Q: 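Got a structure for you, written out below as structure tokens; questions coming shortly.
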Amino acid sequence: MQLKFVALACTLLLVACEEKRPPDADSHTPSNSTAPVLRSELDITLNHIIQQHGLTGNPAQTPLPSIDSPKAQLGMKLFFSKTLSGNLDVACASCHHPLLGGGDNLSLSIGVDASDPDVLGHTRTLKGNKAPGVPRNAPTTFNIGLWKHVMFHDGRVGQVTAGITTPDSTYPQADPKAGDNLVHAQARFPVTSSAEMRGKNFDIGGTSQSCRDLLAARLGGYAPAPHPLQSAETAYWLTEFRKVYQSPDNSAKTLITEQNIAAALGEYQRSQVFVNTPWRDYVQGNLDAINETAKQGALLFFKKREDGGRDCASCHKGDFFTDEQFRNVLIPPIGPGKNTPDDGSQQDLGRSLVTNKPEDKFRFRTPSLLNVAVTGPWGHNGAYTTLSGVVQHMLNPFDTAVNYDVAQLKQPNVQTKQLQQNLREMLGENTDLAGQQYEEQDVRQLVAFLQTLTDPCVTNPICMAKWTPPPDQQDPMGLQLNAKLP
Ligand code: HEC
Ligand code: HEC
């Protein structure tokens, strides 16, 4: 109390209180020294910035489900089950594992046709050493319930006045089957992608909707025979769904629907709220929660250019560190590109694939930066494999992109042949981020700040155990993904 009062007095009176810090002030260990830590000049400046930006430290102000709710528990089982893929070889967790930062540690995701479907992380490869077919980096599912407007790097699932638009409805029309939140709406799409989960031979010639319906029917045991799920497996799922929906007599056909599957997947993912960061502690008054270097980094991050800052917060806004807008910031164009013609051009047009507007070419959604230290590789295509690399890019996109070194890619066979040509094309459009001169120290400080945005739970397997199911003894066909992690 006393400490808070002194700190407050220092701020209100706009005086720099004498800085008294424990000897280990630069470490994360909270001080148990009795000498009160007073706000330094740096703390006072940061405090003003925190007020100016209206930060509370806590982006999770709306109610989100608990992982202990029965629906989230069912969602977790489904999220880790390979039954939702055409060839029974991929689960959602294959690309969004809670112990891999809610992603897969790959630049470009690998879904179907993995050499070993259970191997996750940077050693996951495709059979026959093929080049990755999924064009983009898997974003984290952590804090997914905090997005208010758009899902995906290009925002193709998004809130519109009449509801939620998706690739199944013409943009910007609402999709009547989208469900009642963005995460539910999103969960209906990975299963329809042939490179992610569907495979080439499932529901051949069918639509996205027929694919979802057939997967649900297969899981519920009411799909036309022959299908690969044993009756013990479908009975197991019926019991699970009946428990959650508290309807012991309802049939699989009414309970195991593509909508109920997506709703449960959404509930589980929305329970992944990891926002208890050192930065939050600091914003909420614990002056010792982050070290001096990180505080300098925070200044650079939030201050405007004219005030000597780097103005990162003009896009990475607020407590969730995103404005949910789309920008061309020149991330080096590697990978096969999304929906590219068969001419080998491999260019990913980003947001304009959704809106068809030429000015949206090469624009991608501003990512949140919560837990960013554990969600690499970075950029919509995982072009950067170090956090300092992507920070340098954000400081000076043009020079960094032109000098981009493909040798940093850890994943074999990522397409880079078109890199220079595609980059030139990108440079021909309006870019949305101007370069600035910077020192090595700026990078170090910004990286230190970004590291304070990690909730310690996400790097602690014991804390994460709630979101990672133990091996399921009851799953009759053993189709739960028990990942072999790096
Ligand atoms: C093969 C890997 C792979 C699998 C399997 C997969 N995803 Fe993804 N996921 C991705 C990639 C890549 C993206 C980004 C695609 C884009 O933006 O174009 C993504 C995007 C998402 C997003 C949006 C994140 C954001 O920040 O907007 C969510 C949520 C998500 N996936 C959930 C799921 C669920 C639920 C499943 C299972 C039904 C699943 N994913 C299966 C790779 C995968
Ligand atoms: C003009 C808006 C804008 C500004 C200013 C900006 N960013 Fe970004 N940032 C983006 C966008 C958009 C992306 C994603 C680009 C992509 O994937 O193609 C991004 C990506 C990132 C990433 C990678 C995150 C991930 O999950 O892949 C980091 C880290 C980052 N920015 C940090 C910063 C820092 C630090 C600054 C200030 C030096 C900054 N940004 C300034 C818009 C901006």
Side-chain angles (χ1 to χ4, degrees), residues 75 78-79 81 84-85 90-96 102-104 106 108-112 114 132-145 147 150-157 182-193 195-197 261-262 265-266 268-270 297 300-301 309-317 321-323 325-333 338 348 350 353 362-369 371-373 375-384 387-397 431-434 436 438 442-443 446-447 449-450:
L78 290 164
F79 196 84
S81 177
L84 294 184
S85 60
V90 193
C92 305
S94 305
C95 302
H96 300 284
D104 56 11
L106 289 165
L108 299 171
S109 290
I110 293 176
V112 301
V134 176
R136 293 181 181 161
N137 176 265
T140 183
T141 52
F142 295 167
N143 299 321
I144 198 73
W147 292 94
V150 278
M151 300 268 95
F152 286 122
H153 294 296
D154 54 16
R156 61 191 181 274
V157 165
L182 289 171
V183 189
H184 172 137
Q186 193 285 336
R188 301 172 62 246
F189 287 88
V191 297
T192 69
S193 151
E196 289 189 6
M197 297 180 82
I261 291 171
L265 286 170
Y268 162 66
Q269 294 179 89
R270 293 191 319 132
L300 292 175
F301 191 91
R310 301 304 187 172
D311 210 11
C312 312
S314 61
C315 300
H316 298 284
K317 265 203 176 78
F321 294 92
T322 172
D323 56 4
Q325 299 294 311
F326 300 86
R327 302 239 170 48
N328 175 4
V329 299
L330 287 176
I331 295 289
K338 190 173 169 64
D348 191 333
L353 290 172
F362 312 124
R363 286 186 166 153
F364 293 89
R365 185 188 65 178
T366 308
S368 163
L369 298 176
N371 301 304
V372 70
T375 61
W378 294 271
H380 66 270
N381 53 9
Y384 286 102
L387 190 54
S388 58
V390 72
V391 166
Q392 284 170 49
H393 180 99
M394 288 291 142
L395 285 164
N396 196 344
T431 55
D432 299 314
L433 179 59
Q436 40 190 332
Y438 66 90
D442 300 324
V443 179
L446 282 166
V447 167
F449 168 62
L450 294 178

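Whatever order the structure lists them in is the order used to number ligands and atoms, beginning at 1. None of the values given here were measured: they were computed from a predicted structure. Position 1 is the first residue of the sequence; numbering continues from there.
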Q: Which ligand 1 atoms are under 4.0 Å away from a heavy-atom of I110?
A: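 Heavy-atom distances to I110 below 4.0 Å select 1 (C).
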Q: Would you call the rings of F301 and H316 parallel, tilted or perpendicular, taking 30° and 60° as the class edges?
A: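 F301 and H316: tilted rings.
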Q: Given that the side chain starts at C-beta and the backbone is N, CA, C, O, which of these parts of L433 lies under 4.0 Å from ligand 2, counting heavy atoms, or is it both or neither?
A: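 Looking at L433 and ligand 2, just side chain atoms fall under 4.0 Å.
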Q: Which protein non-hydrogen atom lies closest to atom 40 (N) of ligand 2, naming both residue and atom, and how far is it?
A: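 Here the nearest protein heavy atom works out to H316 NE2, 2.9 Å.
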Q: Which atoms of ligand 2 sit under 4.0 Å from any heavy atom of S314?
A: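 Under 4.0 Å from S314, ligand 2 has these atoms: 5 (C).
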Q: Do H380 and ligand 2 have an N or O pair less than 3.5 Å apart?
A: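 Yes, there is a polar N/O contact under 3.5 Å.
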Q: With a cutoff of 4.0 Å, is S368 in contact with ligand 1, counting heavy atoms of the residue only?
A: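 Not so, S368 does not reach ligand 1.
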Q: Nearest heavy atom to atom 36 (C) of ligand 2: which of P139, C312, G297 does it belong to?
A: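 The residue whose heavy atom sits nearest atom 36 (C) of ligand 2 is C312.
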Q: Examine H96 against ligand 1 and note whether any of their N/O atoms are separated by less than 3.5 Å.
A: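 Yes - when backbone and side-chain N and O of H96 are compared with those of ligand 1, one distance drops under 3.5 Å.
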Q: Taking only heavy atoms of D432 into account, list the atoms of ligand 2 that are under 4.0 Å away from them.
A: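 Heavy-atom distances to D432 below 4.0 Å select 1 (C).
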Q: May I ask you to decide whether R136 forms a salt bridge with D348, counting only side-chain N to carboxylate O separations under 4.0 Å?
A: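 D348 and R136: salt-bridged.
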Q: Could you find the nearest protein heavy atom to atom 29 (C) of ligand 2 and give me its residue, atom name and distance?
A: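 Result for atom 29 (C) of ligand 2: V390 CG1, 3.6 Å.
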Q: Any N/O/S atom, side chain or main chain, of T366 closer to atom 8 (Fe) of ligand 2 than 2.8 Å?
A: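 No, outside the cut-off.
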Q: Measure Q186 to ligand 1 on non-hydrogen atoms and call it side chain, backbone, both or neither using the 4.0 Å cut-off.
A: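 The side chain, only.
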Q: Less than 4.0 Å is my threshold; does some heavy atom of R363 fall inside it relative to ligand 2?
A: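 In this structure, R363 fails to qualify as a contact of ligand 2 - no heavy atom is under 4.0 Å.
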Q: Could you tell me which atoms of ligand 1, counted from 1 in the order shown, lie closer than 4.0 angstrom to a heavy atom of C92?
A: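 It comes down to these atoms of ligand 1: 34 (C), 35 (C), 36 (C), 37 (C), 38 (C), 39 (C), 41 (C).
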Q: Could you tell me whether ligand 1 has any atom less than 4.0 Å away from a heavy atom of N137?
A: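 So N137 counts as touching ligand 1.
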Q: Taking 4.0 angstrom as the limit and counting only heavy atoms of M151, give me the atoms of ligand 1 inside it, by number and element.
A: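 Within the 4.0 Å cut-off of M151, ligand 1 contributes 27 (O).
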Q: Measuring from the heavy atoms of R156, does anything fall under 4.0 Å of ligand 1?
A: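 Yes, R156 has a heavy atom closer than 4.0 Å to ligand 1.
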Q: Considering only non-hydrogen protein atoms, determine which one is nearest to atom 20 (C) of ligand 2 and report residue, atom name and distance to 0.1 Å.
A: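 Minimum-distance protein heavy atom for atom 20 (C) of ligand 2 reads M394 CE, 3.3 Å.
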Q: Just let me know how A91 lines up against ligand 1, side chain, backbone, both or neither, with a heavy-atom cut-off below 4.0 Å.
A: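 The answer is the backbone.
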Q: Restricting to non-hydrogen atoms, name the atom on V391 and the atom on V447 that form the minimum distance, rounded to 0.1 Å.
A: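 Closest pair (atom of V391, atom of V447, distance): CG2-CG2, 4.1 Å.
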Q: Atoms of ligand 2 less than 4.0 Å from L395 heavy atoms?
A: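 Those atoms are 38 (C).
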Q: For atom 24 (C) of ligand 2, what's the nearest protein heavy-atom neighbour? Residue, atom name and distance, please.
A: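 Going by distance alone, atom 24 (C) of ligand 2 is nearest to P367 CG, 3.6 Å.
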Q: Could you check atom 17 (O) of ligand 1 against the protein and tell me its nearest heavy-atom contact, residue, atom and distance included?
A: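 For atom 17 (O) of ligand 1, the nearest protein heavy atom comes out as H153 N, 2.8 Å.
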Q: So is V183 close enough to ligand 1, meaning a heavy atom under 4.0 angstrom away?
A: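 V183: no contact with ligand 1 (<4.0 Å).
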Q: Out of G75, A195, C95, whose heavy atom sits nearest atom 1 (C) of ligand 1?
A: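 It is C95 whose heavy atom sits nearest to atom 1 (C) of ligand 1.
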Q: Hey, which atoms in ligand 2 end up nearer than 4.0 Å to a heavy atom of I331?
A: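 Ligand 2 atoms under the 4.0 Å threshold to I331: 15 (C), 16 (C), 17 (O), 18 (O).
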Q: Identify, by atom number and element, the atoms of ligand 1 in contact range of R365, meaning under 4.0 Å from any of its heavy atoms.
A: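 Reading through ligand 1 atom by atom, the close ones are 25 (C), 26 (O), 27 (O).
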Q: Check for me whether L84 has a heavy atom closer than 4.0 Å to any atom of ligand 1.
A: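 It does not; every heavy atom stays at 4.0 Å or beyond.
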Q: Could you tell me whether P190 approaches ligand 1 through its side chain, its backbone, both or neither, with non-hydrogen atoms closer than 4.0 Å?
A: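 For P190, only side-chain atoms sit under 4.0 Å from ligand 1.
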Q: Give the numbers and elements of all ligand 2 atoms closer than 4.0 Å to a heavy atom of D311.
A: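 Taking each heavy atom of D311 in turn, ligand 2 has 5 (C) under 4.0 Å.
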Q: Considering only heavy atoms of C315, which atoms of ligand 2 have at least one such atom less than 4.0 Å away?
A: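 With C315 as reference, the close atoms of ligand 2 come out as 1 (C), 2 (C), 3 (C), 4 (C), 5 (C), 42 (C), 43 (C).
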Q: Mark up the atoms of ligand 2 that fall under 4.0 Å of a heavy atom belonging to F364, in ascending order.
A: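 With F364 as reference, the close atoms of ligand 2 come out as 12 (C), 16 (C), 18 (O).
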Q: Tell me the nearest of R270, R188, R136 to atom 12 (C) of ligand 1, using heavy-atom distances.
A: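 Comparing heavy atoms across R270, R188, R136, the nearest one to atom 12 (C) of ligand 1 lies in R136.
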Q: If the cut-off is 4.0 Å to any non-hydrogen atom of Q269, which atoms of ligand 1 fall inside it?
A: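 Here the atoms of ligand 1 in question are 29 (C), 32 (C), 35 (C).
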Q: Would you please classify the geometry between the H153 ring and the F364 ring as parallel, tilted or perpendicular, with 30° and 60° separating the classes?
A: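 The arrangement is perpendicular - the two ring planes meet at more than 60°.
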Q: Where is the nearest protein heavy atom to atom 28 (C) of ligand 2: which residue, which atom, and how far?
A: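 The protein heavy atom lying closest is L369 CD2, 3.7 Å.
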Q: Determine yes or no for a side-chain-to-main-chain donor-acceptor pair under 3.5 angstrom, with S368 supplying the side chain and T322 the backbone.
A: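 Pair absent, no side-chain N/O of S368 close to backbone of T322.
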Q: Less than 3.5 Å between some nitrogen or oxygen of F152 and one of ligand 1, yes or no?
A: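 Checking ligand 1 against F152, an N or O pair does fall under 3.5 Å apart.
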